[in-house]
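Proteins get letters first, then strands, A, B, ... in listed order; numbering begins at 1 in each. All values derive from a computational prediction rather than experimental measurement.
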Number of protein chains: 2
Amino acid sequence: MTCKKQVKMSLKGMTTNSDKYNSGCPMAYALDIFGDRWSLLVIRDMAFKGACRYGDFLSGGEGISTNILAQRLKQLEAAGLISKDRDPENGRSFVYRLTDKGRDLAPVLVEIVLWSGRHNMAPHALTGTLDKLRADPDGGAAAIRAGRVP
Amino acid sequence: MTCKKQVKMSLKGMTTNSDKYNSGCPMAYALDIFGDRWSLLVIRDMAFKGACRYGDFLSGGEGISTNILAQRLKQLEAAGLISKDRDPENGRSFVYRLTDKGRDLAPVLVEIVLWSGRHNMAPHALTGTLDKLRADPDGGAAAIRAGRVP
DNA sequence: TATTTAGCTTGCAAAATGCAAGTGATTTAC
DNA sequence: GTAAATCACTTGCATTTTGCAAGCTAAATA
């Protein structure tokens, strides 16, 4: 079994996992960045709900804990999917936004939602969004790409 | 913070996480099933490389450990994404295959690969596949849906 | 000036993961 | 027909990651 050694990089005291699995496979590259329970939920909150502040994500519905959220935001920023800026309206707040690279995940997000819509028989949240995406998947992806909520 | 209590279900001594996060969100439903480091890599091996035996996944390139692989295969089977049958050619072997629900992930897989292709500047594995998917994404997804490797 | 708010950090317990070694049922080799 | 090899796991234990609760700092509000 070829076992890739785990290379840890220190990023301000945080251990991140760049290069953790350097097989060169596109799927592995992607999963290195968002292949965990929480990253895509944070991105979902931004893309589908317009969330942009720390507190928005904390109350995003799934119950992420605050230390994990802080860590994920750093990782996503380090991976270039989101940006972090001071809130001009409120000096103690920051505004997180999807970068081009992050918004470019739009088709991935849309396809995941459509897949769940096809296979999850339990009642859905985001039903309005799901219906819109079903009617016009490309339009939904385009909206996310444009920085709007679909 | 509304914290969903973690409900553990025993499945032959295995603890699975159905209903772990029952927010009803389509994204959360999907991530409940494949929102971890390994599940999508197993599915990738099946969809893009035609892997179907335990040993194929073990030597899939990323170095999954055997206990985790066994666990993931059970979870994916429990979630209805893959099936497990005896190998008619070899009595000590089993054959794992994507179900309809699993193959229906094709567009998700394709979009992830395309996204990585756009943003990963390091040299890729699966380059031939990536080129084909770029040239004809829908054809690639259709191939996976039909049970062929694209 | 005192309190509240927003965004974290820290400490510790619990759970998941990784590694190595072992098990049991075939199947091939001698 | 017995011995070795193969395949698909399981088990035990160390390490890592996660979850929970409490605390901390800077800015805004009362």
Query raised in the report: Atom CH2 of B:Trp38 and atom C1' of C:dG18: how far apart are they, to the nearest Å?
Result: 10 Å

**Report entry** Between P of C:dT17 and CG of A:Leu31, the distance in whole Å
**Finding:** 14 Å

Query raised in the report: Taking atom C1' of C:dG18 as reference, at what distance in whole Å does atom CZ of B:Arg72 sit?
Result: 12 Å

Query raised in the report: Looking at D:dT18, C:dG7, D:dC9, which one has an atom nearest to any side-chain atom of A:Ile68?
Result: D:dT18

Requested in this report: Starting from P on D:dC9, measure out to CG on B:Leu73 and report it in whole angstrom.
Outcome: 7 Å

Query raised in the report: With a 4.5 Å heavy-atom cut-off, do B:Val95 and B:Lys84 have their side chains touching?
Result: no

**Report entry** Short side-chain N/O contact from B:Ser93 to OP1 or OP2 of D:dA8, under 4.0 Å
**Finding:** yes

Requested in this report: Please check the phosphate of C:dT9 (OP1 and OP2 only) for any side-chain N or O of A:Lys74 closer than 4.0 Å.
Outcome: yes

**Report entry** Within the 6.0 Å centroid threshold, strictly below: A:Trp38 and A:Phe57
**Finding:** no

Query - Salt-bridge present (A:Arg44, A:Glu62; N to O < 4.0 Å) - result: yes

Requested in this report: May I ask you to say whether A:Arg37 pairs ionically with B:Asp32, meaning some side-chain N is under 4.0 Å from a carboxylate O?
Outcome: yes

Query raised in the report: Does B:Gln71 make a side-chain N or O approach to OP1 or OP2 of C:dT17 shorter than 4.0 Å?
Result: yes

Report summary line: Atom OH of A:Tyr54 and atom P of D:dA27 are separated, to the nearest Å, by 18 Å

Requested in this report: Describe the nucleic acid contact of B:Tyr96 in one word from base, sugar-phosphate, nothing, applying a heavy-atom distance below 4.0 Å.
Outcome: sugar-phosphate

Query - Atom-to-atom span, CD1 of B:Ile64 to P of D:dA8 - whole angstrom - result: 14 Å

Report task. Take atom CG of A:Asn90 and atom C1' of D:dT29, then tell me their distance rounded to the nearest Å. Result -> 11 Å

Query raised in the report: Expressed in angstrom and rounded to an integer, what is the separation of A:Asp36 atom CG from D:dT17 atom C1'?
Result: 11 Å

Report summary line: Between A:His124 and A:Leu130, the two heavy atoms sitting closest are CD2-CD2, 3.8 Å

Query raised in the report: Heavy atoms under 4.0 Å, any strand shown: does B:Asn67 hit a base, just sugar-phosphate, or nothing?
Result: base

